[in-house]
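Notes follow once the structure below has been shown.
As the structure is a computational prediction, the values presented were derived from the model and not from experiment. Residue numbering restarts at 1 for every chain, and letters A, B, ... go by the order of the sequence lines.
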Amino acid sequence: MHDLSFFRGHLDVAAERLRTRGVELDLASFRQLDSERRSAITESETLKAERNSLSQEVGKRKKAGEDTEALQAQVRQMADRMTALDERVKVLDAQFQEILVAIPNLPHESVPVGRSADENVEVRREGTAAAMDFKPKPHWDLGADLGILDFDRAAKITGARFAVYMGLGAKLERALINFMLDTHTSEHGYTEVLPPFMANSASLFGTGQLPKFAEDLFKIEKTDYYLIPTAEVPVTNLYRDETLDADALPAKFCAYTPCFRSEAGSYGRDVRGIIRQHQFQKVELVKFARPDQSYDELEKLTHDAENILRKLGLPFRTMALCTGDMGFSSAKTYDIEVWLPGLGEFKEISSCSNFEAFQARRASIRCKSGKKSEFAHTLNGSGLAVGRTWVAVVENYQQADGSIVVPEALRVYLNAERISATGRLI
RNA sequence: GGAGAGGUGGCCGAGUGGUUGAAGGCGCACGCUUGGAAAGCGUGUUUACGGGAAACUGUAACGAGGGUUCGAAUCCCUCUCUCUCCGCCA
């Protein structure tokens, strides 16, 4: 959400930068609404100031034993006008809120201008794909052949877009989670958090999923709780309505959680395999930073996420998203894309963003050094999407005989060097 | 689920209708004092929105939302969270 007074002061600049995201602001009605709101507030507050002083007068005279009926009647007469004005301000505020809340964040000046994913800019590429003298299989075939993935039974238990991991498949998922958490906590300095997997509407508003993207969420019936779509929600909201000590920043957290997404509007996309599921596992990185350090921290956070792929020996490229492809709340985003030989393409495995004060303003997260209090900057990125990393390991390390060689870094976690079809399940 | 007790400023803690945005204390900041420090003394110390170039000033906020009243932190209603006891439970 944007700051009203900043927005008002820099309306033309803001509109210009939003245009690069394909968002057109109606400046005339913005200004009209703003001035109407301000004059209503001024009138209402003037009346209230008068009421307050008259009421005090009533108190004084009553103490002195004088009759105050006339004064009281006078204030009573003001009530209607005041109520009407307050109603009006309320309506205008709600309209403003509706407008402000629906405006995406302003892109940082370093973000390449573009309309779609085609205009994203590759900033680096690392690793080389393993040479394969056979036709690499997609992970759903590998998963079925090895007996480590079962979609049919998942559909029976729940429905489409769910998966059951079996045997070493399940253990590989767990190994990846532990490997990621261990790496981020012991090598990158993040503090591990295990948050609730449900969050209330205030939290979802704070990080920007609500009100605009309600249809992407699963809501628990008869409650105000939602299944979290990412750990970003509970972890960022750790400090909602709090003021942090600026000297203690950046604060860095990592959290493993399952993530739940309705995937409304994605029908027909990535229908096969586990690329796009209603439930997936993710290790998330979240940072709270001072405004002056947040862009450095974005570079570091992206590097930390990439490090998981480096350690696993998986080839990837990192893309700076262009203005037209960025998420609603983000000021700058890097996507990390891993090479998937079975699918024959690079696939997003992490999205690292600096939200600047956009979320902090919604969630009221401040930082303070000395007397100065300002909104903190929040950042987050996947570190990494576990399911997609599972896919990348399986597809990149597949052998001609259909088995999977376990990457060096994971062997201690999996307690195995190879996943073969020997233990075929019933 | 049942019964009870509570939610006041960075923290502790007064305050049951009238200059109370809120006593007092702690903490913090600045100043005085000191050779230096401690103690002591003094001043200051929330946020949002409006007006103002600024100094400053108005309105609102005592868990949240409604209500009563000339006037509400104080009275009434609803919700929410915390704590204690009982029940249930991994």
Task: Of A:Gly59 and A:Thr42, the one whose closest RNA chain B nucleotide lies more 5' - done: A:Gly59

- [ ] Give a yes/no on whether any side-chain N or O of A:Arg51 is located under 4.0 angstrom from OP1 or OP2 of B:rU69.
- [x] no

Task: C1' atoms of B:rG13 and B:rG7, separation to the nearest Å - done: 14 Å

Task: From B:rA60, B:rG58, B:rG51, nucleotide with atom closest to A:Arg38 side chain - done: B:rG51

TODO: Check whether the ring centres of A:Phe30 and A:Phe7 lie less than 6.0 Å apart, and answer yes or no.
DONE: yes

- [ ] In whole angstrom, give me the gap between the P atoms of B:rC62 and B:rG4.
- [x] 27 Å

Open item on the list: In whole Å, measure the gap between the C1' atoms of B:rA73 and B:rA23 for me.
Closed with: 14 Å

Task: G-U wobble or Watson-Crick pairing nucleotide for B:rC70 (cut-off 3.5 Å, both distances) - done: B:rG18

Open item on the list: Quick check for you: among B:rC70, B:rG58, B:rA60, whose closest atom lies nearest to any side-chain atom of A:Lys48?
Closed with: B:rA60

TODO: Could you please name the partner base of B:rA60, counting Watson-Crick and G-U wobble pairs only when both distances are under 3.5 Å?
DONE: B:rU47

Task: CG-CZ distance between A:Asp141 and A:Arg272, expressed to the nearest 0.5 angstrom - done: 6.0 Å

TODO: Determine the contact category for A:Lys62: base if any of its heavy atoms lies under 4.0 Å from a base atom, sugar-phosphate if only primed atoms, P, OP1 or OP2 are that close, otherwise nothing.
DONE: base

Task: Base paired to B:rA37 (Watson-Crick or G-U; both N/O distances under 3.5 angstrom) - done: none

Task: For atom CG of A:Leu85 and atom P of B:rU59, their distance in whole Å - done: 15 Å

- [ ] Just say parallel, tilted or perpendicular for the rings of A:Phe162 and A:His278, cut-offs at 30° and 60°.
- [x] tilted

TODO: Would you kindly give the CD-to-P distance between A:Gln56 and B:rU59, to the nearest whole Å?
DONE: 9 Å

Task: Electrostatic pair A:Glu263:A:Arg161 at N-O distance under 4.0 angstrom - done: no

TODO: Can you tell me, in whole Å, how much space there is between the P of B:rC86 and that of B:rG66?
DONE: 39 Å

Task: From B:rU47, B:rG71, B:rG66, nucleotide with atom closest to A:Arg366 side chain - done: B:rU47

TODO: Respond yes when some side-chain nitrogen or oxygen of A:Lys90 is under 4.0 Å from OP1 or OP2 of B:rC49, and no when none is.
DONE: no

Task: Aromatic ring pairing A:Phe253/A:Tyr239, orientation class (parallel under 30°, perpendicular over 60°, tilted between) - done: tilted

Open item on the list: With a 3.5 Å limit on both atom pairs, tell me what B:rC11 is paired to, counting Watson-Crick and G-U wobble, or say none.
Closed with: B:rG25

Task: Watson-Crick or G-U wobble mate for B:rG65, both contacts under 3.5 Å - done: B:rC77

TODO: Could you tell me whether A:Arg37 contacts a base, only the sugar-phosphate backbone, or nothing, with contacts defined as non-hydrogen atoms closer than 4.0 Å?
DONE: sugar-phosphate

- [ ] Take atom P in B:rC79 and the same atom in B:rA3, then report the distance between them in whole Å.
- [x] 13 Å

Task: Whether A:His188 and A:Tyr190 hold their rings parallel, tilted or perpendicular, with breakpoints at 30° and 60° - done: perpendicular

Open item on the list: Check this one for me: any side-chain N or O of A:Asn52 less than 4.0 Å away from OP1 or OP2 of B:rU19?
Closed with: no

Open item on the list: Quick check on B:rA48: is either OP1 or OP2 less than 4.0 Å from any side-chain nitrogen or oxygen of A:Arg361?
Closed with: no

- [ ] Select base, sugar-phosphate, or nothing to describe what A:Ile41 touches, counting heavy atoms under 4.0 Å on all strands.
- [x] sugar-phosphate

Open item on the list: Let's test this: given Watson-Crick or G-U wobble pairing with both distances under 3.5 Å, identify the partner of B:rA54.
Closed with: none

- [ ] Scan every strand shown for a Watson-Crick or G-U wobble partner of B:rG4, both distances under 3.5 Å, and answer none if you come up empty.
- [x] B:rC83

